Amino acid sequence: MRVVRLAIAGIGIAIVVSLLSIIIYPSAQDFMKANSFWNGIKDFTEQNDVITMYSLENDLPDSENGVLIAIPYKPYEPEELDIIKEFVADGGLLLVLDDYGYGNQILEALESNITFDGSPLLDPYQCYRNQWLPVVNDFASELEEIGLEQLNLNYATAINAPPGNRVLARSSETSYLDHNENGDWDEDELRGPFAVIVTTGYGKGTLVAVSDPSILINSMMGKGDNNRLLEYLISLAGEEATVAIDETHIPAVPLDWTKNQWEKILVQLESPYRKALVAGVVLIITTMPLWKKGE
Amino acid sequence: MGFRKTGILVILVVTLLFTGGVIPVKADIPVHVNPEEAAVVYDGVTLLERYGYAADQVLAKNTLILDLLLENTEIAHIPDDLKDSAGKYYLASRKLSVYITYIERDIDLVQELVREARVNEALELIKQAKNTILAAREELGIMETNAWEAGTWWRADIARKGSALAIMWGNLLAKLENLKALLDYYEQLLTIAESETGAIIDDGILIATNLTLYVEPMTAYVGDIITIYGWLNGEDEPLDGRSVTVLLDGVPATDFTTGNDGRYEGTLQLPYDYVSKKTLKAVYVPKEGDVGVYMGCGTPVVEIETLYYNTSLELTAPEQVYPGAEFELKGIFNYESGNIAESRRINLYFDGVLLADEVVGAEFDLVIKIPDDAATGIKRYTVYVTNQLRYAGTTSNTQIEVITLKPIVTLDVKGFAFLPAFFDVKGEVSSDNGFIEGAEVKAILGEWTASTRTDPDGSFSLEIETALNLSLVGAQQLRVEITPTESWYSTTSVNKQVMVINPVNVAGLFLIALTSLVLVIRAIVRNRKRAYLKPRGIKTEEVPINVDVQEWEESKPPEPWFEKDDKRNPVILIYKKVLGIVGRLTSSVLRSNHTLREYSKEVAPKLGPLGGYFNKLTLLVEKLLYSGKTAEDKEIIEGMELGNQILSEGGRESS
């Protein structure tokens, strides 16, 4: 009896501690909305009122004025690709930010001839601190018009964009694709400029491919004109755009998963009837000892 | 499992919750690093390569790229010590490139002048070109100094032979050496031309000539005809029947022939170049019989002011339009001079595609249709106004946002729905443009759907037929999706929470709950009554339950609690016997969740007068068991007396 009691108490304490920790303890995971550290996207999501999507099927915004941000670090199911296709075809704006992930799956589904190269894009001359953090300053006229002067990347790749696609930003001539990943330029490795932001149409909507999702993270938002670029890209969906980010294809640790679930529960509990139901359950649990004595 | 183990379990669960890692997307490459913690690494090879590239652009006379290299110095990843130096290098490269352009142009011109026997002009130009070479050498010197500064900083000059740094350094020095050789070559060419020209003068064979140029008026509109005249003389004698060429902006525009007095005269129409000034120059080049007799000559440059009417075009268009809709693009011309053109030719372009080519008046309206399938977003329209005589052309553009109109939906539905029944959904669909007719309306409530189309007044009414299911009661989302037929409307949807009640299931559940509640309450009441019937501490007249003591007497004697010779043992032993008696008298045994004191409080009321003794004995036993103090003899005696008294009276009662 004593063992069972202690086990129950232990699990109970663990649940309470975990719940408190979920609320208090900040996420430290890459690209997580709840992460306020250097690698999170808290600043971006707060500045742009970004909705977190826990399911492509249920949380997708309307195509009208809708922006879907995809950071494809997990492969997509065919059904998910169909949903994305339909979203863009109906007029939605899709921002695919990828470097070494599964972005080409989406591009292929949208019948685009754009591809993410997947090799690291390094620039030893035009960079911030070292060649892995290239600085881009070659922009299309529309970006120059909004005063964009500098875009800072972080472990990016390049985009192969055949003619017919609109290249919005290019890396410098000193950049190169480090195919063998040895950190040095070799004779057989291509040299820049390379496209890093490309846009094309699909149906009534627009697809924008960006070769580095890291421009969203807290530590990169303030670098160069990254913030201004993101505002511009979102504005392509119109003035009152609804921005949603797909978190289902970003690897998450249990904390982030639980935080998401907790958030979902809180949303679910907004209904007065559900609140009443919870109150009832709590009442039953707290009066259980009384029931026991009465046996 | 102790508290320590419980703690470990808690830590394990929490740790599991908070740990984990990113699934590596690409082996060995992180998706990013903290930029503020990234190591600062400079690359000398690339810097020297850029210097070499700049030297190449000097030779290619590509000032645009040199400008870019100079501009990008700010963002270039160059050690702070070399930042200024790099800026100086690129600036000098840029200047040198311009000088080389001038030198090459002058050398060509000198050679032409020499060919045309325009000796004086040639000598003047050679002098000018040599000064330019001096300036160019100065810039090359700056490039070399700063290249060496970078080379020394990177120790490229002592780098291992064959290393990338050494190769790049070698390439750079070779390129700088090439530039130096080029300037030497230019100087050599000029020296040759100078000596050839000097020889012509020294020979004294050729007769010097003199040419003048006059232009009237000195200010004229583009397209106007101006008068040009002047005189050609050779050693104070007018030269008759010679051809004089007039250059407009350095390009031959017309030829005139001199008369008896050496005068030439003619007219020239100013081209429709909408610039503020034009240059004229007259040139005499000896031909045929004059070759070998007269020197060639040219006049100083004459500048005339050109006038034209500046045009500006103001475009206005609605800020937002819808796919499939038409909109008016309005334009108004403005002329600074006040001279308004009756008509102008305009070309309207959208995304590089010509949409309209029309002749319009001072104001115009163009009706443009947006394609049905146009993507939403900002669209730019550009109007090119062609040049027209004195009226200069212009370009103007405007942008509009293609949006789809969002239908406004008002719903008239009840806040609750019963299963199974028909649920009415009424409403109205409109937009800023009025009611929307014929739009498809689809209503979804849980697993049930119904659809219809809107009437001319935008209203709709439909019924969702619901059926029984396993639900009880709860809020469900009613979703109404609107899909208009016109392309300028977007699809939209509205959601509303509806309380769905399943009376059959609710009633059944209510009955079950009520029955359970009644049973539980009855059980609780019964037990409470039994347990708390008699007030605590008050003597009871009730006779204790008669229990057969036979079993107790036959059972084995209780074991001592403490060590063998502890004086407290007798009291504990007698207390254990007392517990047996009390158990029998009260039908209530000491359970594992009881403390001795709790048990005593619980059974004392049932023991009648013995309850007080039992309470006392229990407190004494607790003290002996759990107090750290040494037991006193009088406490042992008191305990034994209380125990014996309860045993004797309790035994009597039970028998």
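Treat the numbers as computed from the prediction; the structure is a model and nothing was measured.
- With a threshold of 4.5 angstrom between heavy atoms, A:Leu133 approaches chain B through side-chain atoms but not through N, CA, C or O.
- The shortest heavy-atom contact between A:Tyr155 and B:Val31 is CB-O, 3.4 Å.
- Looking only at heavy-atom pairs under 4.5 Å with chain B, the residue among A:Asn39, A:Asn137, A:Asp90, A:Asn152 that has the most is A:Asn137.
- Taking all atoms of both residues into account, the shortest heavy-atom contact from B:Val33 to A:Asn154 is O-ND2, 2.8 Å.
- A:Arg191 CZ: more than 12 foreign heavy atoms inside a 6.0 Å radius.
- Residue B:Phe350 qualifies as enclosed at atom CZ: its count of foreign heavy atoms under 6.0 Å is above 12.
- Using a 4.5 Å cut-off between heavy atoms, B:Glu71 makes no contact with chain A at all.
- In this structure, B:Arg50 CZ and A:Ser172 OG are separated by 7.0 Å, a value rounded to the nearest 0.5 Å.
- Residue A:Ile217 touches chain B through its side chain alone, counting heavy-atom pairs closer than 4.5 Å.
- Heavy atoms of A:Glu142 lying under 4.5 Å from chain B are absent altogether.
- At a threshold of 4.0 Å, the pair B:Glu36-A:Lys223 counts as salt-bridged, since one of the basic side-chain nitrogens sits closer than that to a carboxylate oxygen.
- For chain A, the option among B:Asp43, B:Asn72, B:Leu68 with the highest count of heavy-atom pairs below 4.5 Å is B:Asn72.
- Atom CD of A:Glu145 has more than 12 heavy atoms from other residues, nucleotides or ligands within 6.0 Å.
- Summarising the geometry of A:Tyr125 relative to B:Ile78, their closest heavy-atom pair is OH-CD1, 3.8 Å, with the distance given to 0.1 Å.
- The neighbour count for B:Glu74 CD, taken as heavy atoms of other residues, nucleotides or ligands under 6.0 Å away, does not exceed 12.
- Proximity to chain A (any heavy atom under 4.5 Å) is shown, for B:Tyr42, by neither the backbone nor the side chain.
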Exercise. Does the pair A:Gln126 and B:Ile75 meet the rule for a side chain to side chain contact (heavy atoms under 4.5 Å, CB included), with working shown?
Worked result: CA-CA 6 Å; A:Gln126 211 164 288; B:Ile75 57 167; 3.6 Å; yes
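- Using a 4.5 Å cut-off between heavy atoms, A:Phe37 does not touch chain B at all.
- For B:Lys496, the NZ atom is densely surrounded, since the number of other residues' heavy atoms within 6.0 Å is greater than 12.
- Taking each heavy atom of A:Arg129 and B:His77 in turn, the nearest pair found is O-NE2, 2.8 Å.
- Considering all non-hydrogen atoms of both residues, B:Glu401 and A:Gly238 come closest at OE2-CA, 3.3 Å.
- For the set B:Ile403, B:Val40, B:Val45, the count of heavy-atom pairs under 4.5 angstrom toward chain A peaks at B:Val40.
- Annotation for B:Thr46 and A:Pro124: closest pair OG1-CG, 3.3 Å, computed over non-hydrogen atoms.
- When ring centroids are compared, B:His32 and A:Trp38 come within the 6.0 Å threshold.
- Across B:Ala38, B:Ser493, B:Pro323, the residue that shares the most heavy-atom pairs under 4.5 angstrom with chain A is B:Ala38.
- With chain B as the partner, the residue from A:Leu236, A:Val135, A:Ile250, A:Thr174 showing the most heavy-atom pairs under 4.5 Å is A:Thr174.
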